[in-house]
Amino acid sequence: MHQPPGFADPTRPDHVCRLRRSLYGLKQAPRAWFQRFATFIISCGFQGSVCDPSLFIYRSGQDTAYLLLYVDDIILTASTDVLLTRFIDMMKREFCMTDLGSLHHFLGITATRSSFGLFLSQSLYTKDIISRASMTACNPVDTPVDTNSKLSTTSGPALKDATLYRSLAGELQYLTFTRPDISYAVQQVCLFMHDPREPHMQALRRILRYLQRTINHGLFVSVSTIYGIHAYSDADWEGCPDSRRSTYGFCIFLGDNLVSWSSKRQETVSRSSAEAEYRGVANAVAETTWIRNLLLELHIPL
């Protein structure tokens, strides 16, 4: 701890300032900051998205720009370099900010650009998760989950300390942003956060062993023609041995690129496999409709 520059007391160099109020601790601080930023960016000609409140869209003639905001991290892209520079200069005059150049790292996701497209990866984040679990020297496996067994809330002895389990499961949830191949496996281990047991921990470790083999995998967004949305859905029937609820999953492609995916347990018990499949399709259609409306706001009608 150090006294802030300009307020240092030379007679009491070991003293620190008493904090009267923290802006980050106020409940209304996030809303006030977002309102402050949104008011400014809208005055610059942007419009707030209805489908995604963190997205702002600018369109004037042939000029187009998209701005994505997460707290104080911003991604800005524009149709021309002149337009991009203009908006960056406007924000610099309004806020104390730093231009980090072309997109290469955002919220723990590494973006690698090539002539073929954009590769999104969380390999460094994956290494940190494996290291926190003390499994850097583990034996890798080819699949993230054992397909021959179903986890139950009452199977096996309870863990003495569930802190590590809950921490790792939460970190794996964030990893699914670029790793759709582990979505189902992570969804399964997250069902037991309230009372994790030894078999659940073994299932979580299996995911980490799979990540050890596929640590450099990620999501590739290729340059392709957007000719439509294609959605695929599936569901089991009474897959949960405790509640008899079904698990559904879907993945949605925009052109050749995977843009949305999910794996969740259904909220109610389905009385037939057809009903379970229908609920899965309904969720996929809802997500597809949202993507279509978002594309309309981006002036990309399908």
Side-chain angles (χ1 to χ4, degrees), residues 24-25 70-71 106-110 120-219 234-251 260-269 276 280 283:
Y24 273 94
Y70 183 84
V71 189
F106 188 73
L107 302 180
I109 300 175
T110 302
L120 306 178
S121 172
Q122 292 174 279
S123 57
L124 296 177
Y125 181 71
T126 305
K127 293 178 181 178
D128 290 339
I129 298 176
I130 297 175
S131 177
R132 287 194 65 250
S134 301
M135 295 181 61
T136 53
C138 67
N139 294 323
V141 293
D142 294 328
T143 57
V145 67
D146 183 6
T147 58
N148 296 322
S149 63
K150 292 288 185 178
L151 297 175
S152 173
T153 56
T154 58
S155 60
L159 296 177
K160 295 181 180 179
D161 185 8
T163 303
L164 179 62
Y165 180 92
R166 292 169 180 149
S167 175
L168 293 174
E171 291 173 344
L172 288 174
Q173 277 188 310
Y174 188 71
L175 186 59
T176 58
F177 283 178
T178 59
R179 295 296 300 268
D181 51 332
I182 64 171
S183 292
Y184 171 76
V186 173
Q187 179 264 339
Q188 287 292 297
V189 299
C190 287
L191 294 175
F192 311 101
M193 300 273 273
H194 61 289
D195 184 22
R197 296 174 177 268
E198 191 59 38
H200 308 151
M201 191 64 178
Q202 294 176 4
L204 190 146
R205 290 196 182 102
R206 183 187 178 97
I207 300 176
L208 298 178
R209 292 170 62 194
Y210 170 74
L211 293 175
Q212 179 78 335
R213 177 178 290 277
T214 60
I215 200 166
N216 293 319
H217 284 199
L219 192 66
D234 195 11
D236 64 4
W237 181 40
E238 297 184 344
C240 178
D242 301 308
S243 64
R244 288 304 172 189
R245 286 190 280 172
S246 306
T247 299
Y248 76 90
F250 66 76
C251 59
S260 181
W261 56 91
S262 177
S263 177
K264 291 185 179 180
R265 190 170 62 178
Q266 295 180 0
E267 297 180 355
T268 58
V269 177
N283 285 284

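- Within the structure, the salt bridge (Lys or Arg N to Asp or Glu O under 4.0 Å) test picks out the following pairs touching residues 155-176 (sequence neighbours left out): Arg132-Glu171.
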Side-chain donor-acceptor contacts of residues 201-208 below 3.5 Å, not counting sequence neighbours, with atom names and distances?
unit_1 : atom_1 : unit_2 : atom_2 : d
Arg206 : NE     : Thr143 : O      : 3.3
Arg206 : NH2    : Thr143 : OG1    : 2.6

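- One finds the CD atom of Glu238 at 11.0 Å from the CD atom of Gln266 (value rounded to the nearest 0.5 Å).
- The two atoms that bring Tyr165 and Val189 nearest to each other are OH-O, 2.6 Å, heavy atoms only.
- The two residues Phe250 and Asn283 make their nearest non-hydrogen contact at CE2-O, 4.2 Å.
- With sequence neighbours excluded, the residues satisfying side chain to side chain contact (heavy atoms under 4.5 Å, CB included) with Ser121 are Phe119, Ser123.
- Arg245 meets the salt bridge (charged side-chain N to carboxylate O under 4.0 Å, His left out) test with no other residue; sequence neighbours excluded.
- Outside the 6.0 Å centre-distance limit, the rings of Phe106 and Tyr70 are not counted as a close aromatic pair.
- Exactly one of Ile129, Ile109, Leu219 qualifies for a side chain to side chain contact (heavy atoms under 4.5 Å, CB included) with Gln122. That residue is Ile109.
- You'll find the side chain of Gln188 reaches within 4.5 Å of the side chain of Thr247, heavy atoms only.
- Remark: side-chain polar atoms of Gln212 are paired, donor with acceptor, to backbone N or O of Thr136 under 3.5 angstrom.
- Put simply, the side chain of Arg197 does not reach to within 4.5 Å of the side chain of Ser152, judged on heavy atoms.
- Leu191 CG to His200 NE2: the interatomic distance, rounded to the nearest 0.5 Å, is 9.0 Å.
- Annotation: salt bridge (Lys or Arg N to Asp or Glu O under 4.0 Å) contacts involving residues 178-188, sequence neighbours excluded, comprise Arg179-Asp181.
- No salt bridge links Asp242 with Arg265; every basic N to acidic carboxylate O contact stays at or beyond 4.0 Å.
- When the salt bridge (charged side-chain N to carboxylate O under 4.0 Å, His left out) test is applied to Asp142, the partners found at least two apart in sequence or on another chain are Arg213.
- One distance of note links NE2 of His194 with CZ of Phe192; it measures 8.0 Å at 0.5 Å rounding.
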